[in-house]
Amino acid sequence: MQDSYNPALVEAQAQKQWQESRAFEVSEDPDREKFYCLSMFPYPSGKLHMGHVRNYTIGDVISRYQRMQGRNVLQPMGWDAFGLPAENAAISNRVPPARWTYENIDYMRQQLQRLGFAYDWSRELATCDPDYYRWEQWFFTRLYKKGLVYKKTAVVNWDPVDQTVLANEQVIDGRGWRSGAIVERREIPQWFLRITDYAEELLAGLDQLEGWPDAVRTMQQNWIGRSEGVEFDFEVPGHDPLRVYTTRPDTLMGVTYCAVAAEHPLALYAAQRNADIAGFLEECRKTGTSEAALETMEKKGLALGIDAIHPVSREPVPVYVANFVLMSYGTGAVMSVPAHDQRDYEFARKYNIAIKGVIKAVSGESPDLATAAFTEHGVCYNSGDFDGLDFDQAFTAIADYLAEHARGERRVNYRLRDWGVSRQRYWGCPIPILHTANGGEFPVDEQDLPVRLPEEVNFDGSGSPLKDMSEFTRFESEEGQVFQRETDTFDTFFESSWYYARYCCVDNEQALLDERANYWLPLDQYIGGIEHAVMHLLYARFFHKLMRDIQDVLVPREAGMAGAADETSLKCDEPFTNLLTQGMVVAETYYRDRDDGQKIWFSPAEVDVKRDEKGRINSATLIADGQPVNVGSIEKMSKSKNNGVDPQALIDQYGADTVRLYIMFAAPPDQSLEWSDSAVEGAYRFLKRLWKLALSARACQTRIDTGVLSAEQKEVRFKIHSTIAKVNDDIGRRYTFNTAIAAVMELVNVLSRMTCESENDQAILHEGLSASVLLLSPIVPHICEAIWQGLGHADPIIDHPWPRADAAALVQDEVELVVQVNGKLRARIQVARDAGKEDIEQMALADENVQRFTRDKQLKKVIVVPGRLVNIVVA
RNA sequence: GCCGGGAUGGCGGAACUGGUAGACGCGCCGGACUCAAAAUCCGGUUCUGGUGACAGAGUGGGGGUUCGAUUCCCCCUCCCGGUACCA
């Protein structure tokens, strides 16, 4: 050990040691318990941001902790390399997306290596590599043959100026982000995966995912949105019947209108005869496609002049076209009950449609419909034969009535919609479909895969360059038949839905998976941002079940290799046993208003902040011109707000260990983390203090004579071993790395205050320091490796067994109890560990300060909580 | 809009199963060392009153349950994530 802590040197030495011993390359070992730990792979956007550092440090800490528990730990890393930002970069930098992406990967890989993460780099993968995406093309053709894929039209955002499809993110206030043109809805044919076939299993499986946060399970459950209802027809004279679905058949007699989507055949029919309606449909074509935009926009509609026939009363009911009804969701039409649905109520008020109450409270009170709908379950009235029935009875009676009259049937419905996987983009995995001249289409043959995406392209941002590349689109079969290739690519969620499985066998060129996947899967720990709670994690669960159910996804490895050679399918039902959702990294923002109303954002590094004596921000000025800037809100670190802190600069200044320590210490992993430069300095200070303390204990006595310990020495050993127990619980069970670090800091504070005179003192200090570095080593592995060796240990710390608390050292003779009077703290007393309740009560009552509050009062009762407190209740 | 989450000193956070509110760290204040500064070390630091012992108040706001509530229940405010083509 050097006299002063030199992170650059210490980290280079440790990393060299790990690399030379190939410490993190692992293979299947049936005799050892495996642990597969994975952090969500990054999109290679350029360089690492703090969110990445946080995500990967959490995964690394868990991996290294599990390794010290003796498990066979797999922690791989790869690149979610297809996506929109590469196309944007291509437009602004005139670089092909492929080159931009590969350069970013090279830079970011080196950053990850500099941070010392314990990855098995031999398993690295990139989703834009044909060796990777060929298997999802192969898989898609299998799904196609199994009928799990189909084509239908779906709505996209169309920029009429740039002549291109826009992502929701690229639509800002209804306009294209580059062109500024009003975006239109356009229906185009797209491929869908039948995720709704798996809705029931995806829902039921959530109950078994006990290692997942409740919030994520609830969100997925609500997203799937199983409901029981009735689907039935309103007859429309001269037209096809109007099919609707409702979960509230009990309110059927309160229907006073129906509403259909703008693309509904009834609306299209009416528009041909009425210019106002045609104009309204045109207006609907200009609304956004996102749910948030649709739900928050002003609800508008127009009567079509068509009546539907109520299925029970046979009364005519007007049909409206409404901008909030979606053709792509459900039947494209809804029944409306203004009295018992708030949205219908507001719509009816706006357009003067009748409001007919048919449900009253169970208490018998009629609903007050003057200001709002009555939406609770209740009892039917105004409903003819159904009067007096409660919700369940009315549901049954009305569903039966509709069934008997052949107008409808009970139906389980899901909010979940089939997964549209087509994207009209270049930088993605080509969808392996061939089109014939006469409009037929079929999947590419297995032996013709992969369909390679051309990487040398001219990319100008208006549509996919593939469309103009005949060398890509033209395909001629061996028989000389000519086909057109599909130019759409897959949704990038397609790639990220199965990468975790591919890591088990990246080198297999014969199959998507082999039996090694059954050794490693399911993941023991998955770590990623809470923003992925529903979509990515639901698609991955779905994909996992597909891989389990499709033939030949998993094949045995070549003959003669170890392992269960007869395995031909994936054995588990769920991919991720435990899930940790990490919070975002946020930071302050600084800006100035420009004349045109836009804001210019300044990086925290460009701003000088003055604080008052309490630390509150007084003023902020731009260093460049000394003029004031506005202090904005605290937001997620992002390019758009220019509030990112570059991890690289901090690594260069303090080393990887300091960055890892700070980011794990600043907040528990599932909360958002507010960046603070000065707190990073504090983490660095702690490591320097630890180093200095370790220097003093390098070559000292290490045998403790437990027979002759003083009270002070016993206390230090109690601290050492209670810290071991706490840190083990914090890292292994609670995942509260911040409190684990705080506990070791407390221990180091105790150790540095020790007066080290006797050999026993030295030995205890050595014991305490060894424990401290073992406990910290998953978090700050480099410095711990160096100190560990400095303390005279011969084995590498990464494989040293995790420490266990010595039960004998945890026994205390006396404990402190708190004494409360009427719940207020009045005294503290020291009592023997095994003191009886009555003795404790006597001691508490005898305390002088306690007596000040109990004197002249009547004693009502005394509550003794062993080991904690005494509460004396007086009146 | 809907679904999910959050709010505790000047700041990040701790208090795990209803039992000491503020661990640990940052910042700040005072001191030591130094010609001086940085670094380092020592002490203090929720607010109010008090030299002090101590007392009162206090966990986004309002109400409730309890001997006792940051923790459980009801209502509200604000902030964050998702909302199916950002990843």
Side-chain angles (χ1 to χ4, degrees), chain A residues 40 42-43 45 80 83-85 88 156-157 165-171 213-216 218-219 221-223 225 289-297 299 324 343 415-420 422-425 491-493 496 529-536 538-539 581 583-584 586 611-617 633-636 662 665-668 670-683 685-686 688-689 692 729-730 733-734 736 738-739 741-746 749 816-820 822-825 828 849 852 860-863 865 868-869 871-874:
Chain A
M40 290 179 187
Y43 177 80
S45 54
D80 188 14
L84 203 48
N88 296 332
V156 294
N157 303 302
V165 174
L166 298 178
N168 284 337
E169 191 193 46
Q170 298 171 312
V171 180
D214 287 338
V216 177
T218 307
M219 279 189 270
Q221 184 183 321
N222 293 337
W223 182 268
T289 56
S290 75
E291 189 192 288
L294 289 164
E295 290 284 339
T296 51
M297 72 185 173
K299 309 289 184 292
F324 56 85
R343 188 178 64 187
R415 205 189 77 95
L416 180 69
R417 310 197 298 256
D418 276 337
W419 177 12
S422 296
R423 295 292 180 270
Q424 297 69 47
R425 306 202 187 291
D491 176 5
T492 55
F493 276 125
S496 57
I530 183 68
E531 66 272 21
H532 295 295
V534 177
M535 302 191 67
H536 162 62
L538 191 64
Y539 289 141
T581 51
M584 295 174 309
V586 297
R611 291 171 191 269
D612 66 13
E613 73 281 359
K614 295 279 192 187
R616 285 174 294 229
I617 294 181
S633 55
I634 290 169
E635 299 200 45
K636 177 178 177 173
Y662 167 72
F665 180 59
D670 53 350
Q671 282 181 33
S672 62
L673 183 155
E674 194 179 325
W675 191 260
S676 156
D677 281 332
S678 53
V680 177
E681 185 77 43
R685 258 201 300 264
F686 171 73
K688 281 195 291 187
R689 273 199 298 138
K692 224 161 110 182
D729 190 48
D730 284 353
R733 179 182 66 90
R734 296 211 300 153
T736 52
N738 56 327
T739 54
I741 294 164
V744 179
M745 284 175 167
E746 279 186 61
N749 286 344
E816 188 188 75
L817 291 189
V818 157
V819 185
Q820 299 179 330
N822 286 348
K824 281 194 183 296
L825 174 66
R828 293 160 199 277
N849 202 45
R852 284 176 55 200
K860 302 269 280 200
K861 63 172 153 178
V862 180
I863 293 150
V865 182
R868 288 209 175 259
L869 57 65
N871 190 13
I872 299 162
V873 186
V874 294

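In the text below, chain A, chain B and the rest are named by the order of the sequence lines, each starting its count at 1. Because the structure is predicted, anything quoted here is derived from the model rather than measured. Reckoned from all heavy atoms, side chains included, excluding hydrogens, waters and symmetry mates.
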Novice: If you assign A:Ala215 and A:Ala666 each to the RNA chain B nucleotide with the nearest heavy atom, which residue ends up on the more 5' nucleotide?
Specialist: A:Ala215
Novice: In whole Å, what is the span from the CD atom of A:Glu681 to the C1' atom of B:rC26?
Specialist: 11 Å
Novice: Please identify each residue that fulfils ring pair (Phe, Tyr, Trp, His ring centres under 6.0 Å) with A:Trp223, with sequence neighbours left out.
Specialist: none
Novice: Base, sugar-phosphate or nothing for A:Asp670? Non-hydrogen atoms, less than 4.0 Å.
Specialist: nothing
Novice: Run the salt-bridge test on A:Glu291 and A:Arg417 with the 4.0 Å N-O cut-off and return the result as yes or no.
Specialist: no
Novice: Quick one: ring pair (Phe, Tyr, Trp, His ring centres under 6.0 Å) partners of A:Tyr43, sequence neighbours excluded?
Specialist: none
Novice: Without decimals, in angstroms, what is the distance between A:Arg685 CZ and B:rA39 P?
Specialist: 8 Å
Novice: If we only count heavy atoms from C-beta on, is the A:Ile530 to A:Val216 side-chain gap below 4.5 Å?
Specialist: yes
Novice: Can you list everything that forms a side chain to side chain donor-acceptor pair (under 3.5 Å) with A:Glu531? Sequence neighbours excluded, please.
Specialist: none
Novice: Suppose you measure atom C1' in B:rG12 against the same atom in B:rG6; what distance do you get, rounded to whole Å?
Specialist: 15 Å
Novice: Syn or anti for B:rG4, with syn set at within 90° of 0?
Specialist: anti
Novice: Got a sec, which residues hit ring pair (Phe, Tyr, Trp, His ring centres under 6.0 Å) with A:Phe324, two or more places apart in sequence or on another chain?
Specialist: A:Phe347
Novice: Expressed in whole Å, how much space separates the P atoms belonging to B:rC24 and B:rU46?
Specialist: 12 Å
Novice: Are OP1 or OP2 of B:rC2 and a side-chain N or O of A:Asn222 less than 4.0 angstrom apart?
Specialist: no
Novice: Heavy atoms, side chains only, cut-off 4.5 Å: are A:Phe665 and A:Phe686 in contact?
Specialist: no
Novice: Which of these nucleotides, B:rG25, B:rA23, B:rU20, is closest to any side-chain atom of A:Ala742?
Specialist: B:rA23
Novice: Any side-chain heavy-atom pair from A:Leu673 and A:Tyr662 closer than 4.5 angstrom?
Specialist: yes
Novice: Which part of the nucleic acid, if any, lies within contact of A:Lys860, taking any heavy atom under 4.0 Å across all strands shown: a base, the sugar-phosphate backbone alone, or nothing?
Specialist: nothing
Novice: Can you see which heavy atom on A:Arg828 is nearest to which on A:Val818, and at what distance?
Specialist: NH1-CG2, 4.3 Å
Novice: Can you check the distance between B:rC28 and B:rC11, where both ends of the measurement are the P atom (answer in whole Å)?
Specialist: 15 Å
Novice: Side chain to side chain donor-acceptor pair (under 3.5 Å) with A:Arg868: which residues, sequence neighbours excluded?
Specialist: none
Novice: Rounded to the nearest angstrom, tell me the gap between atom CD in A:Gln671 and atom P in B:rC16.
Specialist: 14 Å
Novice: Roughly how far apart, to the nearest Å, are B:rG61 and B:rA7 at atom P?
Specialist: 13 Å
Novice: Nearest 0.5 Å, please: how far is NZ in A:Lys299 from CG in A:Leu294?
Specialist: 8.5 Å
Novice: Figure out the OH/P separation between A:Tyr662 and B:rC24, and round it to whole Å.
Specialist: 18 Å
Novice: For B:rU40, does OP1 or OP2 lie under 4.0 Å from any side-chain N or O of A:Lys692?
Specialist: no
Novice: Can you name the atoms? Protein N/O to nucleotides 66-69 of chain B N/O, anything below 3.5 Å, with the distance.
Specialist:
residue : atom : partner  : partner atom : Å
B:rC67  : O2   : A:Asn871 : ND2          : 2.5

Novice: Between A:Val819 and A:Ile872, is there a side-chain heavy-atom distance shorter than 4.5 Å?
Specialist: yes
Novice: Using atom P of each nucleotide, how far apart are B:rC74 and B:rC80 to the nearest Å?
Specialist: 25 Å
Novice: Take atom C1' in B:rC16 and the same atom in B:rU48, then report the distance between them in whole Å.
Specialist: 33 Å
Novice: Does the side chain of A:Asn738 get closer than 4.0 angstrom to OP1 or OP2 of B:rA23 through an N or O atom?
Specialist: no
Novice: Would you mind classifying the nucleic acid contact of A:Arg828 as base, sugar-phosphate or nothing, using non-hydrogen atoms under 4.0 angstrom?
Specialist: base
Novice: Going by side chain to side chain donor-acceptor pair (under 3.5 Å), name the residues that satisfy it together with A:Arg423, two or more places apart in sequence or in a different chain.
Specialist: A:Asp491
Novice: Could you give the CG-to-P distance, from A:Asp729 to B:rA15, as a whole number of Å?
Specialist: 11 Å
Novice: Counting Watson-Crick and G-U wobble pairs with both distances under 3.5 Å, what is the dot-bracket string for RNA chain B, 5' to 3', using [ ] for crossing pairs and | for pairs to another strand?
Specialist: (((((((..(((......[....)))((((((.......))))))((((....))))..(((((..]....))))))))))))....
Novice: Treat primed atoms plus P, OP1 and OP2 as sugar-phosphate and everything else as base, then score nucleotides 48-55 of chain B 5' to 3': B for base contact with protein heavy atoms under 4.0 Å, S for sugar-phosphate contact only, - for none.
Specialist: ------SS
Novice: Any heavy-atom pair between the side chains of A:Asn88 and A:Gln170 that's under 4.5 Å?
Specialist: yes
Novice: Just to be sure I understand the rule, does A:Arg343 reach a base, reach only the sugar-phosphate, or reach nothing, if contact means heavy atoms closer than 4.0 Å?
Specialist: nothing
Novice: Under the rule for side chain to side chain contact (heavy atoms under 4.5 Å, CB included), what residues qualify as partners of A:Val171, not counting sequence neighbours?
Specialist: A:Asn157, A:Leu166, A:Val183
Novice: B:rU17 and B:rG68: how far apart are their C1' atoms, nearest whole angstrom?
Specialist: 15 Å
Novice: When the P atoms of B:rA69 and B:rA57 are compared, how many Å lie between them, rounded to an integer?
Specialist: 12 Å
Novice: Distance check needed: B:rG12 P versus A:Ile741 CD1, whole Å only.
Specialist: 18 Å
Novice: I'd like to compare against my own output: the B/S/- annotation of nucleotides 81-87 of chain B with a strict under-4.0 Å heavy-atom distance to protein.
Specialist: BSBBBBB
Novice: So A:Thr218, base contact, sugar-phosphate only, or nothing? Heavy-atom distance under 4.0 Å.
Specialist: sugar-phosphate
Novice: Expressed as a whole number of angstroms, how long is the span from A:Met297:CE to B:rC2:C1'?
Specialist: 14 Å
Novice: With A:Asn222, which residues qualify under side chain to side chain donor-acceptor pair (under 3.5 Å), at least two apart?
Specialist: none
Novice: Over how many whole Å does the gap from A:Arg868 atom CZ to B:rG18 atom P extend?
Specialist: 11 Å
